[in-house]
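So the structure is just underneath, and the comments pick up after that.
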Amino acid sequence: MADAANQIPDRIPINLVVNGVRHTLDLVPWTTLLDALRDHLELTGTKKGCDHGQCGACTVLIDGRRVNSCLTLAVMKDGAEITTIEGLAKDLTLHPLQQAFIDHDAFQCGYCTPGQICSAAGLLAEGRARDADEIRELMSGNLCRCGAYPNIVAAIQQAMGRP
Amino acid sequence: MNNFQYSRATDVADAIRLLAADPGAKLIAGGTNLIDLMKENVERPSRLIDISRLPLRDIEETADGGLRIGALVPNSDLAYHPLVEQRYPLLAAAILAGASAQLRNMASVGGNLMQRTRCAYFYDTATPCNKREPGSGCSAIDGLNRNHAILGTSASCIATNPSDMSVALVALGALVHIAGPSGQRTIALTDFHRLPEDKPHVDTNLGTGEIIAAVELPKHGFARNYSYLKIRDRLSYAFALVSVAAALELDGNAISEARLALGGVAHKPWRSLEAEAALRGRAATSDHFSRAADLLLHGATARAHNRFKIELARRAIARTLIQAASATPQSQAHKKIA
Ligand SMILES: Cc1cc2nc3c(=O)[nH]c(=O)nc-3n(C[C@H](O)[C@H](O)[C@H](O)COP(=O)(O)OP(=O)(O)OC[C@H]3O[C@@H](n4cnc5c(N)ncnc54)[C@H](O)[C@@H]3O)c2cc1C
Ligand code: SF4
Ligand code: FES
Ligand code: FES
């Protein structure tokens, strides 16, 4: 675009604590959090599906809340604590959701899985889902083109401690 | 996305100052609508003014028993706030019917009121669209218009307002508090969104350089007899084809107060005082509900692909009123329509 493109804005220095590690980045303001994670911090576990908030593949936790990183500008999150799929396991122990996804075969190609698991971690923290219908509704922001939905719901139920 | 400058507003006055200083600037709150439209090159702001850290995040009771909701309260926090769950469950239901859990965590109240249409031509910069480019024409009128408006349309635009939250807020009689270069003002939410007329590029009556500070709910929350029914192409995470917010006050089986608003059918949440008046003082029966539906849909017109919406709306209104009258509101998780 001719209008604003002529002025090149300065890079903006920001701090992000990602999976417990503090990073300082110099970013142009139009860098999304998703691109900052994947292209600047080489944390490619977080996936880009639609880049428009329509699939949930890019779901991460910001200060404990699940969000779509593709619709978040990194500069707006200066100082925030981000948790991605790479940050869920503690040492060599999988997060209960990661283990539950394996136990229930809750994926096929695996592309949606990091987003599904981060979203489910947000869901558990929110504590609003009590039954399978509520899990399905509150996980509707995560599409799975392989159609692993029944097993995803079963995995989340296991992690919630409900049979 | 185009290149742009970025400023973080330090307070509301600073945001207003920054807006005045750069006519191409836009406010950004949750970013869920604006960043999407910037990626499509539909919005090309010269500067983003980040208001997400301003202290507009409180939900407080007002002196007369209502609720004042800061413009930056996230949609999810509003829906799950104990006072909203108890006193304004219609609002909670409408919010939870919209978008996804992640998006609701990000989306702000002010941004939700300001979200733009989902008309596919508005999003497609290769096609004419009066809303995106005034005077270029409307591709939807003779194009694919299955999702488009049936009420309040004009020869320039037949787009709908996509917000669920606004439909409930309009039914509840909400006010919008606005701050701007010349001070503060308050308007009814029914007067906030516009009809397209010959200026579809103007969605709302928010003036240049103004910012939404808060939304206020009056005391009466219709916590017993209400329902929000959203009809869409899939069960969740989809915009409404038609949605209905209904709120009643019953004295036995007699309706003493009624509120009714529609989403997905017009350029603004659609409310009709005639339809509500026709319910007041009447028995809560399906005859009276059908009559109200007819009045609410008075003047509805269809284009090539959206004729089904008129009958769909008629049935949805009657059904939502039955749900409200019987105090069995539509569940947003268990999808069966009772
Ligand atoms: C995939 C998807 C599905 C969705 N489904 C639904 C749905 O089913 N139902 C529904 O209702 N919504 C839905 N949404 C839309 C969502 O609700 C909106 O994007 C959101 O509410 C916008 O809020 P925001 O804070 O992110 O706004 P932003 O994107 O930050 O801003 C949007 C606009 O509002 C302006 N603005 C923001 N705050 C203020 C303020 N305080 N004063 C003045 N102007 C302001 C901005 O300048 C901008 O023009 C969906 C969105 C996506 C991406
Ligand atoms: S309906 Fe409105 S938004 Fe859609 S193409 Fe026509 S003018 Fe544009
Ligand atoms: S990549 Fe963010 S929602 Fe699809
Ligand atoms: S496992 Fe392939 S998209 Fe979900």
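Computed over heavy atoms, backbone and side chain alike; hydrogens, waters and symmetry mates excluded. Reminder, nothing fancy here: chain letters follow the sequence lines and each chain counts from 1.
In terms of modelled atom types and a separation under 3.5 Å, the side chain of A:Asp10 and the main chain of A:Ile12 share no donor-acceptor contact. No side-chain donor-acceptor contact under 3.5 Å links B:Tyr6 to the backbone of A:Val28. With hydrogens and angles ignored, the 3.5 Å screen pairs no side-chain donor or acceptor of B:Asp58 with any backbone N or O of B:Gly70. With hydrogens and angles disregarded, a donor-acceptor distance shorter than 3.5 Å links the side chain of B:Gln323 to the backbone of B:Ala338. A distance-only check finds no donor-acceptor pair linking the side chain of A:Asn15 to the backbone of A:Gly79 [under 3.5 Å]. Here the side chain of B:Lys39 pairs a donor or acceptor atom with the backbone of A:Cys70 at under 3.5 angstrom. A donor-acceptor pair is defined here as one N or O able to donate and one able to accept, closer than 3.5 Å; such a pair exists between the side chain of B:Asn75 and the backbone of B:Ala107. Between the side chain of B:Arg53 and the backbone N or O of A:Met76, at least one donor-acceptor pair lies under 3.5 Å.
Residue-level contacts of residues 149-156 of chain A with chain B do not occur; threshold 4.5 Å between heavy atoms. Along residues 32-60 of chain A, the residues that come nearer than 4.5 angstrom to chain B, judged on non-hydrogen atoms, are A:Thr32, A:Asp51, A:His52, A:Gly53, A:Gln54, A:Cys55, A:Gly56, A:Thr59 in order of number. Within residues 124-142 of chain A, the residues having any heavy atom less than 4.5 Å from a heavy atom of chain B are, in residue-number order, A:Glu126, A:Arg128, A:Asp131, A:Asp133, A:Glu134, A:Glu137, A:Leu138, A:Ser140, A:Gly141, A:Asn142.
Looking at heavy atoms from C-beta onward, A:Cys118 lies out of side-chain contact with A:Thr83 at the 4.5 angstrom threshold. Looking at heavy atoms from C-beta onward, B:Pro45 lies in side-chain contact with B:Asn2 at the 4.5 angstrom threshold. For the pair B:Asn147 and B:Thr160, the minimum side-chain heavy-atom distance is 4.5 Å or more. Taking 4.5 Å as the limit, some side-chain heavy atom of B:Met165 sits within range of a side-chain heavy atom of B:Leu91.
Using a 4.5 Å cut-off between heavy atoms, A:Ile62 makes no contact with chain B at all. Using a 4.5 Å cut-off between heavy atoms, B:Leu48 contacts chain A through its side chain alone, with no backbone atom that close. Neither the backbone nor the side chain of B:Ser331 has a heavy atom closer than 4.5 Å to any heavy atom of chain A. For A:Leu73, the parts sitting under 4.5 Å from any heavy atom of chain B are the backbone and the side chain alike.
Counting heavy-atom pairs under 4.5 Å between each of B:Leu103, B:Asn105, B:Thr32 and chain A puts B:Asn105 at the top.
Heavy atoms from other residues, nucleotides or ligands lying under 6.0 Å from CD of B:Glu133 number 12 at most.
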Query raised in the report: Could you go step by step and tell me if A:Arg65 and B:Asp77 meet the salt bridge (charged side-chain N to carboxylate O under 4.0 Å, His left out) rule?
Result: CA-CA 11 Å; A:Arg65 291 161 70 101; B:Asp77 292 16; 2.9 Å; yes

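Sorted by first and then second residue, the pairs that involve residues 102-116 of chain B and meet salt bridge (Lys or Arg N to Asp or Glu O under 4.0 Å), not counting sequence neighbours, are B:Glu43-B:Arg116, B:Arg116-B:Asp203.
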